[in-house]
J.: 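Just passing along the structure, written as structure tokens.
Owing to the predicted nature of the structure, the values given are computational and were not obtained by experimental measurement.
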Amino acid sequence: MARPTKIGAIDALEMLPDWSDTPGDRDEIARTFRFADFNLAFAFMTRVALLAEKRDHHPEWRNVYNVVEVILTTHDAGGVTSLDVEMAQFMDRAAGQTGATP
């Protein structure tokens, strides 16, 4: 499968209103998801992990109890690509289905 080309965080964020740019010089996007408890956070991460493995595109993330912090970038493209947008949109849907709170 051909790897996608870089589109950049600014263009990606136009399609992802709940995501943000990160400070620093890396081209990446980020979002924090909050759930009612650890089980729901872990269920969300499991759903995302299955797609990540299928797409061979793995997020940088951190989980503490009910909070999941995510950073997306395509390392081999040097920044944000359509693959990151696809993953972010999937995460947004999965979070809504799993009961994330704003």
Side-chain angles (χ1 to χ4, degrees):
M1 169 171 67
R3 299 301 286 180
T5 58
K6 180 178 171 179
I7 62 172
I10 292 171
D11 288 341
L13 291 173
E14 290 181 15
M15 298 174 263
L16 302 165
D18 295 322
W19 290 73
S20 62
D21 199 357
T22 62
D25 58 354
R26 281 183 48 180
D27 187 58
E28 59 192 15
I29 56 176
R31 181 164 181 201
T32 299
F33 297 93
R34 286 178 175 72
F35 300 89
D37 57 32
F38 176 76
N39 286 336
L40 291 174
F42 196 83
F44 164 78
M45 293 177 70
T46 301
R47 290 187 68 190
V48 172
L50 293 171
L51 179 66
E53 192 64 19
K54 182 177 180 180
R55 296 281 192 269
D56 189 27
H57 188 63
H58 303 87
E60 297 176 26
W61 56 13
R62 178 175 183 266
N63 166 243
V64 177
Y65 184 60
N66 67 329
V67 177
V68 179
E69 298 170 345
V70 179
I71 293 175
L72 294 174
T73 189
T74 305
H75 295 102
D76 56 350
V80 178
T81 68
S82 59
L83 195 51
D84 298 299
V85 172
E86 177 187 335
M87 287 292 291
Q89 290 170 334
F90 178 84
M91 288 181 183
D92 289 344
R93 288 189 304 275
Q97 294 166 352
T98 311
T101 58

J.: For Asp76, which residues count as a side chain to side chain donor-acceptor pair (under 3.5 Å) partner, sequence neighbours excluded?
T.: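 Per chain and number, Asp76 pairs via side chain to side chain donor-acceptor pair (under 3.5 Å) with Arg3.
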
J.: How long is the span from the CD1 atom in Ile71 to the OG1 atom in Thr32, to the nearest 0.5 Å?
T.: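 That separation rounds to 9.0 Å.
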
J.: Within a strict 4.5 Å, meaning less than it, do heavy atoms of the Thr81 and Glu86 side chains meet?
T.: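 No, side chains not in contact.
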
J.: Which other residues belong to the hydrophobic cluster containing Val67, where Ile, Leu, Val, Met, Phe, Trp and Tyr are joined when side-chain heavy atoms lie under 4.5 Å apart, directly or via other members?
T.: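 Traced through the cluster, Val67 reaches no other member.
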
J.: Could you tell me which residues satisfy ring-ring contact (aromatic ring centres under 6.0 Å, His included) with Phe42, sequence neighbours excluded, listed by chain and number?
T.: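 By the ring-ring contact (aromatic ring centres under 6.0 Å, His included) rule, Phe42 matches Phe38.
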
J.: Restricting to side chain to side chain donor-acceptor pair (under 3.5 Å), what partner residues turn up for Thr22, sequence neighbours left out?
T.: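 Residues passing side chain to side chain donor-acceptor pair (under 3.5 Å) with Thr22: Glu28.
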
J.: Can you tell me which residue pairs pass the side-chain hydrogen bond (donor to acceptor under 3.5 Å, both in side chains) test with a partner in residues 9-18, sequence neighbours excluded?
T.: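 Residue pairs with at least one partner in residues 9-18: there are none.
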
J.: Using the side-chain contact (heavy atoms from CB on, under 4.5 Å) rule, take Val64 and Glu69 through it: C-alpha gap first, then chi angles, then the decisive distance, then the call.
T.: CA-CA 9 Å; Val64 177; Glu69 298 170 345; over 6 Å; no

J.: Measure across Asn63 and Ala41 and return the closest heavy-atom pair with its distance rounded to 0.1 Å.
T.: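 Closest pair (atom of Asn63, atom of Ala41, distance): ND2-CB, 3.9 Å.
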
J.: Considering non-hydrogen atoms only, spot the tightest contact between Ser82 and Pro4 and give its length.
T.: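 Closest approach of Ser82 to Pro4: OG-CB, 3.6 Å.
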
J.: Hey, could you give me each pair passing salt bridge (charged side-chain N to carboxylate O under 4.0 Å, His left out) that has a residue in residues 39-53? Not counting sequence neighbours.
T.: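 Not a single pair qualifies under salt bridge (charged side-chain N to carboxylate O under 4.0 Å, His left out).
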
J.: Who pairs with Glu60 by side chain to side chain donor-acceptor pair (under 3.5 Å), at least two apart in sequence or on another chain?
T.: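 Applying side chain to side chain donor-acceptor pair (under 3.5 Å) to Glu60 gives Arg26, His75.
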
J.: Which Ile, Leu, Val, Met, Phe, Trp or Tyr residues join Met91 in one cluster when any pair of side-chain heavy atoms under 4.5 Å counts as a link?
T.: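 The other cluster members (ILVMFWY side chains, heavy atoms under 4.5 Å, direct or chained) are Ile7, Leu13, Met15, Leu16, Trp19, Ile29, Phe33, Phe35, Leu40, Phe44, Met45, Val48, Leu51, Trp61, Val68, Val70, Leu72, Val80, Val85, Met87, Phe90.
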
J.: Checking Arg93 now: which residues fulfil side chain to side chain donor-acceptor pair (under 3.5 Å) with it, not counting sequence neighbours?
T.: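 If we apply the side chain to side chain donor-acceptor pair (under 3.5 Å) test to Arg93, skipping adjacent residues, there are no hits.
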
J.: Taking all non-hydrogen atoms of both residues, which atom of Asp21 and which atom of Ala9 are closest, and how far apart?
T.: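 That would be OD1-CB, 4.0 Å.
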
J.: Quick check: do Lys6 and Thr74 have side-chain heavy atoms less than 4.5 Å from each other?
T.: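 SC-SC contact between Lys6 and Thr74 ruled out.
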
J.: Can you confirm whether Leu50 is buried at CG, in the sense that more than 12 heavy atoms of other residues, nucleotides or ligands lie under 6.0 Å from that atom?
T.: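 More than 12 heavy atoms, drawn from other residues, nucleotides or ligands, come within 6.0 Å of this atom.
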
J.: Once salt bridge (charged side-chain N to carboxylate O under 4.0 Å, His left out) is applied, do any residues pair with Asp92, and if so which ones, sequence neighbours excluded?
T.: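 By the salt bridge (charged side-chain N to carboxylate O under 4.0 Å, His left out) rule, Asp92 matches Arg31.
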
